[in-house]
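Quick notes on the structure that follows.
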Amino acid sequence: MGILNVTPDSFSDGGRFAAPGRALDRALQLVEAGADVLDVGGESTRPGARPAPAAEELARVLPVVRALKTHLTVPISVDTRKAEVARAALDEGADIINDVSALRDPAMGPVVAESGAGLVLMHMRGDPQTMQQAPQYDDVAGEVAAELEAALHEAEGAGVDPERMVIDPGIGFGKTAEHNLELLARLDELAVLGRPVLLGVSRKAIIGALLGGVPPEQRDVGTAAACVAGFLRGARIFRVHEPGPTRQALAVAAAVSQVSLASA
Ligand code: HH2
């Protein structure tokens, strides 16, 4: 899943691809580099980010979704917490809603259900403005799994087809560096929920911290390594800024896994 942020303030690529023409060029590059799905976001959810009003998010996202649906065949995901934005994006042909708040907007479930779109349910404690203020867990993997299970039930209750749901542990969303590492190490514990796991670790602070503080643009090799670690624990969708290195790393890891499975 290639990340296409059309925001002025995203932590790694804010402001670079906001105009629809530039977004389309970037989308073509992402597909060329191996993205199977594109995730368009019109609101930064980095720690401390200012929430975007719906009108602003709509003005950023809709022209881009329209342009992508006109020029590309890959499925388009829209990263939004607002049912109003989701509905308008689905009307423009978006295929998937990526909700980092896992249905906090009560209208989100029914909107997705009605459209038959796919739904990503991501785990987050608190909200982006406050989530990194001393997050606490007794058992981070167990609590994330239980809260995602509740979100899956809520989505099913709203009428979303369970087969169209994907879960995501929400790396960096209300979690310390230790929580994030432990979640990655125990990602296989999400398998009990029976849904594909999406991993969004691309260029995040945890990668920078593990690499001695390198800036976001220098974190793509570390990102690929984290994706391989996730793949070996069951993750199957990888949300990344630069698909090339992760695609290569996963191709090698998948080939080795297949041989070891066949010879087991
Ligand atoms: N992370 C971000 C945004 N959306 N969606 C899912 N499903 N999983 C994630 O881990 C995830 C996400 C944050 O990263 P990014 O889009 O690069 O930055 P920003 O929020 O500053 O736009």
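Numbers here simply count residues along the sequence, with the first being 1. Read the numbers this way: they start at 1 and go in the same order the structure lists the ligands and their atoms.
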Point to revise | Close side-chain approach of Arg81 to Pro128, heavy-atom, < 4.5 Å | key: yes

Check your understanding: Thinking salt bridges, do Arg125 and Glu147 make one under a 4.0 Å N-O criterion?
Key -> yes

Review point. Under the 4.5 Å side-chain heavy-atom rule for ILVMFWY, direct or indirect, which residues accompany Val37?
Key: Met1, Ile96, Val120, Val166, Leu198, Ile237

Study note, to complete from the structure: Counting only non-hydrogen atoms and a 4.0 Å cut-off, the residues near ligand 1 are Asn5, Ser10, Phe11, Ser44, Thr45, Arg46, Asp79, Asn98, Val100, Val120, Met122, Asp168, Phe173, Leu198, Gly200, Lys204, Arg239, His241

Review point. Going by distance alone, is a donor N or O of one side chain under 3.5 Å from an acceptor N or O of the other, for Arg203 and Thr223?
Key: no

Point to revise | Co-members of Val85 in a cluster of I, L, V, M, F, W and Y side chains, linked at under 4.5 Å | key: Leu58, Leu62

Check your understanding: Of all residues at least two apart in sequence or in a different chain, which pass the side-chain contact (heavy atoms from CB on, under 4.5 Å) check with Gln248?
Key -> none

